[in-house]
Amino acid sequence: MALELIGASAKMLRSCLYEDPPSPFNQDSHYEIVYQRVLEIQAEQCDAIYSLYEVGLFRPAYAVLRSILEGMATLLWVSLSIDQYCKRFEEGKQPNTKKILKRIGWEDEYDRTFRYLSGFVHINMGNAEFYRNYEIGDAPSQPFPEILPDTDYYIVDTSDGLRPLSIRLMSKEEAAHKYGLYLAAKTFDLIAASLQKLYGADYYKQDWWQQDAALACMHLSLKNPDIAKRMLWSLQKSLF
């Protein structure tokens, strides 16, 4: 399911390139080119996330996901006042991401998503421990856990007394389950929410809309409440 969501995100973006651009990018051929070029970049970034997911490189995939948020948010910002903001965008004079998110009504995304994903761009120690499982065992008087390669063992003082702590590298499958579901859902979420804003209330009637992927994203969110709380886009009843 996860790879299908990421692939569907790229497909939606590329399909939009064959349709008339939304307002206000349809007012001038120059604006249309800006719209198309940004979507091309975003589609390639979805492809990059897809490839990184396949080989289990979730940390760099999260860094690319931040770029998708920046890119789509900037495109939405340009659409607010295209005559003024398109020129600023082309000159590299757009506001910082926090201001852009506030202006497009996505201010919650700054703390909820942008700051979190920034930890994978400007590395921090929390994300340096990304692929490791921390497991507290029974009291040291009990048999010690099996000694395994690539695992660190410590005795730590807890509120329940001394306990063995093992720090073990995750398998690719474990990492995909823990980190891949959010990565896939958030990729689709950012693209779907952006296109919804660009195309208006009837966005889901467009030929490029990926209905099956939308339903899959909804089911994934329903099964994972922590992921659901971090989404922008939600499936309306009218889409069923």
Practice problem: Please test Y62 against Y182 for ring-ring contact (aromatic ring centres under 6.0 Å, His included), starting from the C-alpha separation and ending with a verdict. | Solution: CA-CA 10 Å; Y62 275 40; Y182 167 76; 5.7 Å; yes
Practice problem: Given side-chain contact (heavy atoms from CB on, under 4.5 Å), test T113 with D108 step by step and report yes or no. | Solution: CA-CA 8 Å; T113 303; D108 290 344; over 6 Å; no
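Of the charged side-chain nitrogens involved, none lies within less than 4.0 Å of a carboxylate oxygen, so that E107 and R112 do not count as a salt-bridged pair. Under the 4.0 Å criterion applied to side-chain N and carboxylate O atoms, K87 and E91 are assigned as salt-bridge partners. Of the charged side-chain nitrogens involved, none lies within less than 4.0 Å of a carboxylate oxygen, so that D111 and K98 do not count as a salt-bridged pair.
Linking ILVMFWY side-chain heavy atoms closer than 4.5 Å, directly or via other members, places V64 and L57 in a single hydrophobic cluster. Cluster membership for F130 and L52, using ILVMFWY side-chain heavy atoms within less than 4.5 angstrom, is shared. L3 and M12 end up in the same hydrophobic cluster when Ile, Leu, Val, Met, Phe, Trp and Tyr side chains are linked at under 4.5 Å.
Taking the centre and axis of the six-membered ring of Y110, the NZ or CZ atom of R115 falls outside the cone set by 45° and 6.0 Å. The cationic group of R66 does not satisfy the cation-pi geometry with Y116, failing either the under 6.0 Å distance to the six-membered ring centre or the 45° limit from the ring axis.
In this structure, the side chains of R88 and P95 come closer than 4.5 Å at one or more pairs of heavy atoms. The side-chain heavy atoms of L75 and S194, taken from C-beta on, include no pair separated by under 4.5 Å. Residues V34 and R37 form no side-chain contact, since every pair of their non-hydrogen atoms from C-beta on lies 4.5 Å or further apart. Side chains of I191 and I68 form a contact here, defined as non-hydrogen atoms less than 4.5 Å apart.
Heavy-atom minimum distance, D47 versus A10: OD1-CB, 3.6 Å. In terms of heavy-atom proximity, I227 sits nearest to A185 at CG2-CB, 4.0 Å. Of all heavy-atom pairs between V38 and G71, the closest is CG1-O, 4.0 Å. Between L232 and K186, the closest heavy-atom pair is N-NZ, 4.0 Å.
Under the 3.5 Å distance criterion, with hydrogens and angles disregarded, a donor-acceptor pair is assigned to the side chains of Y31 and D83.
Looking at F114, W77, W106, Y85 one by one, the single match for side chain to side chain contact (heavy atoms under 4.5 Å, CB included) with I100 turns out to be W77.
Y179 and F58 have tilted rings, their planes meeting at an angle from 30° to 60° on a 0 to 90° scale.
The CZ atom of F25 lies 8.5 Å from the CG atom of L39; values are rounded to the nearest 0.5 Å. For the atom pair SG (C46) and CD1 (I41), the distance works out to 12.5 Å, reported to the nearest 0.5 Å.
For an aromatic pair to be called close, the ring centres must be under 6.0 Å apart, and W208 with Y203 fails this.
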